[in-house]
Protein chains: 2
Amino acid sequence: MAGRAAVPEVIWARPERTGRGPKPAFTRAGIAAAAVRIADAEGLDGVSMRHVAAELGCGTMSLYNYVPRKEDLYELMVDAVGAEHEMFEPTGDWRADMLRNAEETRAIMYRHTWVPRLMPGVHGFSPNTLRYLEHCLACLEPLGIPAGTKTELIALLNGVVTTYTANDIATVERTRSMPWSEEEENAVRMAYLGSQVATGAYPRLAAAFMEQSGPVDLEAVFRRALERVLDAYDPELR
Amino acid sequence: MAGRAAVPEVIWARPERTGRGPKPAFTRAGIAAAAVRIADAEGLDGVSMRHVAAELGCGTMSLYNYVPRKEDLYELMVDAVGAEHEMFEPTGDWRADMLRNAEETRAIMYRHTWVPRLMPGVHGFSPNTLRYLEHCLACLEPLGIPAGTKTELIALLNGVVTTYTANDIATVERTRSMPWSEEEENAVRMAYLGSQVATGAYPRLAAAFMEQSGPVDLEAVFRRALERVLDAYDPELR
DNA sequence: TCCTAGTTACGTACAGCGTACGTAGTGCGC
DNA sequence: GCGCACTACGTACGCTGTACGTAACTAGGA
């Protein structure tokens, strides 16, 4: 008798190993790594319990000994890529340090384009998340504001990084395993947008559309947004 | 022979009705409304093609005449709730107007808690999205910055609203149709967080944790974040 | 006016999903 | 060394998105 949970559960609160019984053949880290490998290679939709189990070389239902629900597998995956954050020694320049953190988060998401889609469902208290939070707080040590405001800054910055990067990634992820290329998709979308704007129903939008010359530099837009957010918390600028 | 698309498609670019054939029994708006009704009542997972078709009173496969892929149904849903935005007459106070827009977006998401989960996958060019964008640009008319910077402000603000609200909603959505309450879930999570902090592995986090007294006022945190972002674009403050 | 091609409607079918449940074997703690 | 918690995993169920085939319908071109 296994006995399913009738009470809320955070997977991180359940110990990976309790004394009794045969030694487990796999670890959470190994399972997470397998799932991440599949998601990177085939997209998030390729991550099924069956598929992950096959990758590990075990029966499908054996996975459920380690991961009570699929949602928890997602939790493991997000935590696993969180380990890719470099927890560097703070330099004393909180702005530069936080910028670096943000750029790193963005880079991680570009490496694992499925992360943004998972973010809304995730608890946010996994070991690596906590370590990252602690690291950010260390970077913000020189900044003379209350701890509560610091965590608000971190949350805001992470939110901005996530939405911006999610948006930039969306097209790439959408065209994965489609019979057309990213450029084709973009062309079709831009043509549609142009046709809408041309109806005259959106005059101000049309003006903004005309004002821009050449393609948008997503990276520059992203960095400008970061700078603005940091400005908003910089005591020297207010 | 229907002939599936071998070329990228934006559902908004395909006309709702072409001359030939029997008159369609349903409209995009009606289908979207049905899907939204289901999502509101049973959560996003309740939205299946079969279920929506049943709600409309038609065969499952008939839906595919209107909605080529399920992803497009999501697109319709997000556009449908976008119609709930009140496109008020700009007052001339761009800060107040944008705050109002943001609060309204948040309210919409609270009414339809499944929206944040859909946001990453959505194209962002639906009719109501364009109308909302145009409305925001109208509100920002008094602000003396380039149009490009205005759209960046709008994007940043929307991003902040989305992530913050998604986070606040996450627990509610997670406990939907679970055998435990939101309070129980929160208690378990807080207990776990406390236990982790108590290990001493996260000293700064612990300090921040101790500093706060009483429960967090999510609404206040949200509003403070908005103010900061607006500050960052306010020419009078720089 | 009639013909026909494009639509609508929808039943059937298939591959794949998450996971409940039962059973067999293993090894630690008492 | 007994018992029990644990691991492993095959089977099965209800559900999903959707490809495909067929029948009814109607607007446009000849």
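Within every chain, numbering begins at 1; the chains are lettered A, B, ... in the order of the sequence lines, protein sequences first and strands thereafter.
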Check whether the side chain of B:R50 and the base of D:dG17 form a donor-acceptor pair under 3.5 Å.
yes
Apply side chain to side chain contact (heavy atoms under 4.5 Å, CB included) to residues A:N128 and A:H85 and explain how you reach the verdict.
CA-CA 9 Å; A:N128 281 321; A:H85 259 115; over 6 Å; no
Residue whose nearest DNA chain D nucleotide is more 5′ - B:T60 or A:T60
A:T60
Would you say a side-chain N or O of A:Y64 is under 4.0 Å from OP1 or OP2 of C:dG18?
no
Does B:S48 place a side-chain N or O at less than 4.0 Å from the phosphate oxygens OP1/OP2 of D:dT16?
yes
Using atom CG of B:L63 as one end and atom C1' of D:dT16 as the other, report the distance to the nearest whole Å.
14 Å
Measure from NZ on B:K23 to P on C:dG6 and round the result to the nearest Å.
21 Å
What's the CE-P distance between A:M61 and D:dA12, to the nearest Å?
14 Å
Reckon A:S62 touches a base, only the sugar-phosphate, or nothing at all at heavy-atom distances under 4.0 Å?
base
Which heavy atom of B:R204 sits nearest to which heavy atom of A:E134, and what is that distance?
N-OE2, 2.9 Å
Tell me the interatomic distance from B:D45, atom CG, to C:dC17, atom C1', rounded to whole angstroms.
13 Å
Could you go through the side chain to side chain donor-acceptor pair (under 3.5 Å) check for A:D40 and A:W114 one step at a time?
CA-CA 8 Å; A:D40 286 346; A:W114 40 269; 2.8 Å; yes
Whole-Å distance separating the CD atom of B:E42 from the P atom of D:dC15:
12 Å
Please tell me which of B:G59 and B:P22 maps to the more 5' nucleotide of DNA chain C, matching each residue to the nucleotide holding its nearest heavy atom.
B:P22
Pi-cation contact, A:Y66 with A:R28 (under 6.0 Å, within 45°)
no
From the list D:dG17, D:dC25, C:dG18, which nucleotide is the closest neighbour of the side chain of A:M49?
C:dG18
Using a heavy-atom cut-off of 4.0 Å across all strands, would you classify B:F26 as base, sugar-phosphate, or nothing?
nothing
Using atom NZ of A:K70 as one end and atom C1' of C:dC17 as the other, report the distance to the nearest whole Å.
8 Å
Could you tell me the separation between the OH atom of B:Y66 and the P atom of C:dG6, rounded to a whole number of Å?
19 Å
Indicate, with a heavy-atom threshold strictly under 4.0 Å, whether B:A25 touches base, sugar-phosphate, or nothing.
sugar-phosphate
Rounded to the nearest Å, what distance is computed from the CG atom of residue B:N65 to the P atom of nucleotide D:dC20?
16 Å
Do the non-hydrogen side-chain atoms of B:Y110 and B:I169 ever get within less than 4.5 Å of each other?
yes
